[in-house]
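Read through the structure below, which is laid out as structure tokens, and then see the notes.
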Amino acid sequence: MTAQRIDELRAEIDRVDREIVERLNLRAKLALAIGEEKKAIGKAVFDPAREKRVTDKVVAASSGPFPARTLEFIYREVIGACRSLEEPTRVAYLGPPATFTHAAAMRRFGSSAEYLPQGDMADIFREVERGNARFGVVPIENSIEGAVTSTLDLFPDSDVRIVGEIYLEVVENLVTREESLADIKVVYSHPQPLGQCRGWLRKNLPHARLEAVASTSEAARRASEEPGSAAVGSMGAAELYGLRILARSIEDISHNTTRFFVIAKETVNPGENQKTSLMIGLKDEPGVLFQVLQPLAQSGVNMTKIESRPLKRRPWEYRFFIDVDGDPAAEPLRGVLAEVERVCTEMRVLGTYEKSERPSPGSRVAS
């Protein structure tokens, strides 16, 4: 290839770039117009079901060479930027920056949103309840360690709604300023990552003390300041605090996935592929849980999760958190819930939202 041919191709790229900018600006103007129409009829700007359809259409229309995942990332940013023009998007998450919750939030809302780091789960709920944040992102369960009970326990006393779910397959790393494992005396991290890497830590750092902190980024901050310390966390946290990655992918089971909820005060379009999260209280009597599960099974409603949590003020009594496929306003779920409610001391629909696909192997997020 001659220098002249390279110059010709670069000139063509410059022309295409100008066209891309023109089309992006046109798209933004159209999105702004849609935003004004939505406001006029009181419709929410955030429409995850519509955003997914747009991304799916883009991927389907492509003949390459861009991989589907790359196009999804690009359009997530384009859609997020247009949404932020329509209306400022403020998102509360478990901070500081570079936590996995931060990564999950950015996967849903893009980098154009304004992110508000919070110290714990309760702060995220409060920011949403007070209207300081339009949305919150909270971890709800992990494929290795199970439910994040500190999140579940906040729903009974809050009026927020679940408006979305995010699956994030993550890679846990040992990050530190030290040069060898022998130099590490304490390992910091959030309780969930410590649990996810328990076997590796026991085998490779039997002499180190494990200490739980509020987030993986807080763990990285401590590791950056304290000699002889390390953290379990993301590549992003390591970069943010100037740490080296001493060991990569240390989780005990591969394809380690965390599921997150998006919470809000408002409701959003749940789309067609719906999932509903319920909170129920049951009488303390024989067979009562069976009376809840039997109508679900008989109607063919798919239950994807059930979790029990103790009532704080009534020892040995429990609430149940249940996820089912379907719309509570439509059959068959509507009839099932009417039947289930008869045996409940309380029943609340926490939210109906677009069902997300679990990540496939190879979609791991290291930052």
Side-chain angles (χ1 to χ4, degrees), residues 90-109 111 113-128 132-133 135-154 166-177 184 186-198 200-201 208-226 229-243 245-251 256-263 364-367:
R90 307 183 82 215
V91 183
Y93 71 95
L94 183 64
T99 61
F100 291 117
T101 308
H102 189 199
M106 292 189 69
R107 171 169 289 192
R108 172 52 59 91
F109 294 100
S111 57
E114 180 183 355
Y115 290 99
L116 309 177
Q118 305 300 314
D120 58 32
M121 306 301 181
D123 290 337
I124 299 171
F125 275 68
R126 277 193 291 269
E127 288 298 287
V128 174
N132 296 330
F135 303 101
V137 175
V138 292
I140 192 64
E141 61 178 325
N142 177 263
S143 58
I144 297 175
E145 284 296 288
V148 182
T149 57
S150 57
T151 299
L152 285 176
D153 289 342
L154 291 167
I166 308 161
Y167 286 97
L168 189 74
E169 194 169 10
V170 299
V171 177
E172 305 287 6
N173 305 288
L174 186 76
V175 300
T176 181
R177 294 178 63 183
I184 296 172
V186 58
V187 179
Y188 296 108
S189 197
H190 185 273
Q192 284 271 334
L194 288 177
Q196 294 158 23
C197 306
R198 187 180 294 112
W200 189 95
L201 293 168
R209 185 179 84 255
L210 308 184
E211 186 168 329
V213 294
S215 70
T216 52
S217 283
E218 170 61 17
R221 185 193 66 80
R222 293 197 185 192
S224 71
E225 297 177 352
E226 299 180 18
S229 66
V232 175
S234 70
M235 289 175 58
E239 293 171 2
L240 183 63
Y241 291 100
L243 301 171
I245 298 176
L246 203 57
R248 297 176 184 270
S249 191
I250 66 172
E251 59 273 8
N256 171 29
T257 301
T258 298
R259 179 182 176 219
F260 298 82
F261 277 154
V262 180
I263 58 173
R364 293 154 70 95
V365 174
S367 60

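This chain uses plain numbering: 1 for the first residue, then up along the sequence.
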* Asked: Which atom names give the shortest non-hydrogen contact between Pro96 and Ser215, and what distance separates them?
  -> CD-OG, 3.3 Å

* To do: Tell me, please, which residues at least two apart from Ser217 pass side-chain hydrogen bond (donor to acceptor under 3.5 Å, both in side chains).
  => none

* Asked: Run the side-chain contact (heavy atoms from CB on, under 4.5 Å) check on Ile263 and Phe125 step by step: do they pass?
  -> CA-CA 8 Å; Ile263 58 173; Phe125 275 68; 4.0 Å; yes

* **Side-chain heavy-atom pair Ile166, Arg259 within 4.5 angstrom cut-off** => no

* Asked: Taking only residues at least two apart or on different chains, which pairs with a member in residues 229-241 satisfy salt bridge (charged side-chain N to carboxylate O under 4.0 Å, His left out)?
  -> none

* Asked: About how many Å separate NE2 of His190 and OG1 of Thr99, when rounded to the nearest 0.5 Å?
  -> 9.5 Å

* Asked: Looking at CZ of Arg90 and CG of Asn132, how far apart are the two atoms once the value is rounded to the nearest 0.5 Å?
  -> 6.5 Å

* **Non-neighbouring partners of His102 that pass ring-ring contact (aromatic ring centres under 6.0 Å, His included), sequence neighbours left out** => Tyr93, Tyr115

* Validation row: Val171, Asn173 side chains within 4.5 angstrom (heavy atoms) -> yes

Under 3.5 Å, which donor-acceptor pairs do the side chains of residues 143-152 form with other protein atoms, sequence neighbours left out?
| from | atom 1 | to | atom 2 | distance (Å) |
| --- | --- | --- | --- | --- |
| Ser143 | OG | Thr257 | N | 2.9 |
| Ser143 | OG | Thr257 | O | 3.3 |
| Thr151 | OG1 | Pro139 | O | 2.7 |

* Structure fact -> Sorted by chain and residue number, the salt bridge (charged side-chain N to carboxylate O under 4.0 Å, His left out) partners of Asp120 (sequence neighbours excluded) come out as none

* Asked: Please walk me through it: do Glu172 and Asn256 pass side-chain contact (heavy atoms from CB on, under 4.5 Å)?
  -> CA-CA 9 Å; Glu172 305 287 6; Asn256 171 29; 4.0 Å; yes

* Straight-line distance of Ile124 CD1 to Thr101 OG1, nearest 0.5 Å -> 6.5 Å

* Contact check, side chains of Ile250 and Val232, non-hydrogen atoms, under 4.5 Å -> yes

* Asked: For Phe260, what residues pass the ring-ring contact (aromatic ring centres under 6.0 Å, His included) criterion, not counting sequence neighbours?
  -> none

* To do: Determine the minimum heavy-atom distance between Ala231 and Ala220, stating which atoms define it.
  => CB-N, 3.6 Å

* Looking at residues at least two apart in the chain, or sitting in another chain, which of them share a side-chain hydrogen bond (donor to acceptor under 3.5 Å, both in side chains) with Arg108? -> none

* Any Val187 side-chain heavy atom under 4.5 Å of Leu174 side chain -> yes

* Contacts of type ring-ring contact (aromatic ring centres under 6.0 Å, His included), residue Tyr188, not counting sequence neighbours -> none

* Asked: Roughly how far, to the nearest 0.5 Å, is CE of Met106 from CG of Leu168?
  -> 12.0 Å

* Do Thr176 and Leu243 come close enough that some side-chain heavy atom pair is under 4.5 Å? -> no

* **Glu114 side chain reached by Phe109 side chain, heavy atoms, under 4.5 Å** => no

* For Pro193 and Ser189, work out which heavy atoms get closest and say how close. => CB-OG, 3.4 Å

* **salt bridge (charged side-chain N to carboxylate O under 4.0 Å, His left out) involving Arg177 - partner list, sequence neighbours excluded** => none

* Asked: Is any side-chain heavy atom of Val175 less than 4.5 Å from a side-chain heavy atom of Leu246?
  -> no

* To do: Quick one: closest heavy-atom pair of Leu240 and Ala98, and the distance?
  => CD2-CB, 4.1 Å

* Thr216 OG1 to Leu194 CG distance, which is reported to the nearest 0.5 Å -> 10.5 Å

* Structure fact -> d(Ile184 CD1, Leu201 CG) to nearest 0.5 Å is 9.5 Å

* Asked: Is there side-chain contact between Glu141 and Thr258, with at least one heavy-atom pair below 4.5 Å?
  -> no

* Asked: What residues form a side-chain hydrogen bond (donor to acceptor under 3.5 Å, both in side chains) with Gln118, not counting sequence neighbours?
  -> none

* Asked: Please walk me through it: do Ser249 and Glu251 pass side chain to side chain donor-acceptor pair (under 3.5 Å)?
  -> CA-CA 6 Å; Ser249 191; Glu251 59 273 8; 3.1 Å; yes

* Asked: So Leu94 and Phe100, side-chain contact (heavy atoms from CB on, under 4.5 Å) or not? Walk me through it.
  -> CA-CA 9 Å; Leu94 183 64; Phe100 291 117; over 6 Å; no

* Structure fact -> Residues passing the side-chain hydrogen bond (donor to acceptor under 3.5 Å, both in side chains) test with Arg248, sequence neighbours excluded, are none

* Taking salt bridge (charged side-chain N to carboxylate O under 4.0 Å, His left out) as the test, write out the residues that go with Glu211, two or more places apart. => Arg209, Arg222

